[in-house]
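Hydrogens, waters and symmetry mates are skipped; everything else that's a heavy atom, side chains included, is used. Both ligands and their constituent atoms are indexed starting at 1 by order of listing.
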Amino acid sequence: MPNGPATSGDHVRRLADGNQIPRLGLGVWQVPDGPGCENAVRWALELGYRHIDTAQAYGNEASVGRALRDSGVPREQVFLTTKFYPGRRDPQAEVEQSLRRLGVDQVDLYIVHWPQNGPTWAWPGLERARELGYARSIGISNFSASQLEQVIAIADSPPVINQVQFSPFEYRRRLLEECEGRGVALEAYSPLGTGRHLRNQTVAGIAQRASRTPAQVLLRWCLQRDTVVIPKSTHRERIEENAQIFDFSLSDEDLASLDQLDRTGGTAAARESKWW
Ligand code: A2P
């Protein structure tokens, strides 16, 4: 598909471990296990997405796996992420359960979902999961720059991704810089502010001038800020709309206006509040 996501050129990013990740993925946070999740994942794959992001804590890995099989898209063409739920103790045992639920031999990316009980204790288990071939790449999520540094200090195999809440309104500029400086790709979750940012006037004005939608503007900003982005939707037309972001560019002026929406002060932190 010419304008949608694909698996080469601009559409992928090479990670520090040599593996490649599609810059756009479908996120399925808050999508209940069952037909809604299966449809969303199957539609995304039909529409050309080759990257799906789930987690043990979402409770929908079985649906993701079923949709992947039903889609007929070969397993090796899809980048599949799951996340270690840090309320549990053993990342290796938990990824074995994830693989069983997903119905696959390996995930492409396994990440620590949040730094509960400290940033470093789970990391050796993630490394073990990679050595055993359960995950091709390993990373973290919701880690600040200093927590990332602590992981790197004890790692044999450092994280290649930090997945955090990121959008023009949460433009964590210092965190992005610290990640890039350490060879860690930043992955943006909630790029639409779980829908809230779509109503912003600045975003709407830029969208109107560009003959695009607010969602496309927010997602394109993420691409132009060098992040990997995983919008969530359970509607086929929105999943399609969210993929049409590789055939236009925001001007420097529009990027600068969007940058000014930041409410984090360009923080190096990953969260303003914690749920753990
Ligand atoms: P729905 O799943 O009902 O389509 P985020 O990715 O920041 O978490 O945002 C997800 C939220 O934004 C969901 O509520 C989703 O609704 C909504 N959403 C996703 N894509 C679009 C779009 N293109 N237009 C309008 N709303 C969207």
Side-chain angles (χ1 to χ4, degrees), residues 1 3-5 21-49 51-55 57-60 63-64 67 79 81-83 111 113-114 141-142 161-172 175-176 186-208 210-225 227-248 250 258 261-264 270-273 275:
M1 81 185 306
N3 294 330
I21 184 169
R23 285 178 166 278
L24 173 71
L26 178 77
V28 293
W29 178 44
Q30 291 182 330
V31 184
D33 206 35
C37 184
E38 286 172 37
N39 283 338
V41 172
R42 210 187 50 254
W43 289 331
L45 293 170
E46 280 170 20
L47 292 163
Y49 285 65
H51 173 184
I52 309 292
D53 181 279
T54 183
Y58 302 169
N60 56 20
S63 294
V64 169
F79 191 100
T81 298
T82 198
K83 312 188 189 81
I111 61 193
H113 208 154
W114 58 81
S141 180
N142 296 299
I161 288 248
N162 187 13
Q163 184 184 119
V164 300
Q165 179 198 41
F166 195 85
S167 80
F169 300 80
E170 290 92 13
Y171 182 19
R172 305 176 188 283
L175 180 58
L176 177 63
L186 193 145
E187 194 174 11
Y189 76 70
S190 298
L192 312 176
T194 63
R196 293 185 316 277
H197 300 337
L198 296 168
R199 295 187 291 271
N200 177 270
Q201 283 311 303
T202 302
V203 175
I206 292 171
Q208 201 172 18
S211 302
R212 293 285 169 161
T213 67
Q216 289 167 338
V217 166
L218 289 167
L219 298 173
R220 182 70 206 179
W221 178 89
C222 285
L223 293 185
Q224 289 184 242
R225 289 288 169 250
T227 71
V228 175
V229 66
I230 49 167
K232 171 260 176 187
S233 177
T234 50
H235 292 87
R236 188 185 169 105
E237 66 282 5
R238 291 176 175 174
I239 294 170
E240 184 167 24
E241 173 187 327
N242 294 349
Q244 308 305 312
I245 55 173
F246 295 96
D247 59 343
F248 78 108
L250 296 168
L258 291 164
L261 298 172
D262 174 48
R263 297 180 303 214
T264 72
R271 298 280 317 167
E272 282 57 61
S273 61
W275 61 83

Check your understanding: For atom 8 (O) of ligand 1, what's the nearest protein heavy atom and its distance?
Key -> T194 CA, 3.5 Å
Point to revise | atom 4 (O) of ligand 1 - nearest protein heavy atom and its distance | key: S233 OG, 2.6 Å
Review point. Do W221 and F166 make the cut of ring centroids closer than 6.0 angstrom?
Key: yes
Study note, to complete from the structure: atom 21 (C) of ligand 1: closest protein heavy atom, distance to 0.1 Å, is R238 CD, 3.6 Å
Review point. Tell me, which protein residue and heavy-atom name are nearest atom 26 (N) of ligand 1, and how many Å apart are they?
Key: L198 CD1, 3.3 Å
Practice item. Establish, from distance only, whether the side-chain atoms of Y58 and K83 form a donor-acceptor pair under 3.5 Å. Key: yes
Practice item. With heavy atoms of G193 as the reference, note each atom of ligand 1 found under 4.0 Å away. Key: 7 (O)
Practice item. Check whether any side-chain heavy atom of Q244 lies under 4.5 Å from a side-chain heavy atom of R212, and answer yes or no. Key: yes
Check your understanding: Is the CD atom of E237 crowded by more than 12 outside heavy atoms at less than 6.0 Å?
Key -> yes
Review point. Which of the atoms in ligand 1, numbered in the order shown and given with their element, are less than 4.0 Å from a heavy-atom of P231?
Key: 6 (O)
Review point. Would H235 and E240 count as having a side-chain donor-acceptor pair, cut-off 3.5 Å?
Key: no
Review point. Tell me: protein heavy atom nearest atom 20 (N) of ligand 1, and distance?
Key: N242 ND2, 3.0 Å
Check your understanding: Is it the case that E241 and T213 place a side-chain donor and acceptor less than 3.5 Å from each other?
Key -> yes
Check your understanding: Where's the contact between K232 and ligand 1, heavy-atom distance under 4.0 Å: side chain, backbone, both or neither?
Key -> both
Review point. When rounded to the nearest 0.5 angstrom, what is the spacing between CG in D53 and CD1 in I230?
Key: 3.5 Å
Check your understanding: Would you say the side-chain atoms of H197 and S167 include a donor-acceptor pair closer than 3.5 Å?
Key -> yes
**Study point:** Sub-3.5 Å N/O-N/O distance, I230 and ligand 1
**Key:** no
Point to revise | Region of P191 engaging ligand 1 - heavy atom pairs below 4.0 Å | key: both
Check your understanding: Can an N or O of T234 be found at a distance shorter than 3.5 Å from an N or O of ligand 1?
Key -> yes
Study note, to complete from the structure: So for A215 against ligand 1, with non-hydrogen atoms under 4.0 Å, the contacting part is side chain
